[in-house]
Amino acid sequence: MRSLHEPHPDSTATAAVGIQAWAESLPAGDDDLLDPDAGVTVRWRTVQGWQETEL
């Protein structure tokens with residue numbers, strides 16, 4: 001929660017630009033740094049911690 005209330009200055013600037021513009025600004029050869037299909041959806045549960053969820 002602290003990160004949401006006091007985000008790092010670099011993350012605030014990236015958020016303002018948007019993920020699409022950020023991806024387009026990457027140097028050549030860095031276009032595969034983020035693969036949305038490689039991750040899993042998770043949800044925080046107080047007792048269990050991070051748990052994988054269905055889409």
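These numbers come from the heavy atoms of this one structure, side chains and all, not from hydrogens, waters or symmetry mates. Positions are given from 1 along the sequence.
- With values rounded to the nearest 0.5 angstrom, Q51 atom CD is found 10.5 Å from R43 atom CZ.
- Taking each heavy atom of V42 and T53 in turn, the nearest pair found is N-OG1, 4.1 Å.
- No side-chain heavy atom of E24 sits less than 4.5 Å from a side-chain heavy atom of V17.
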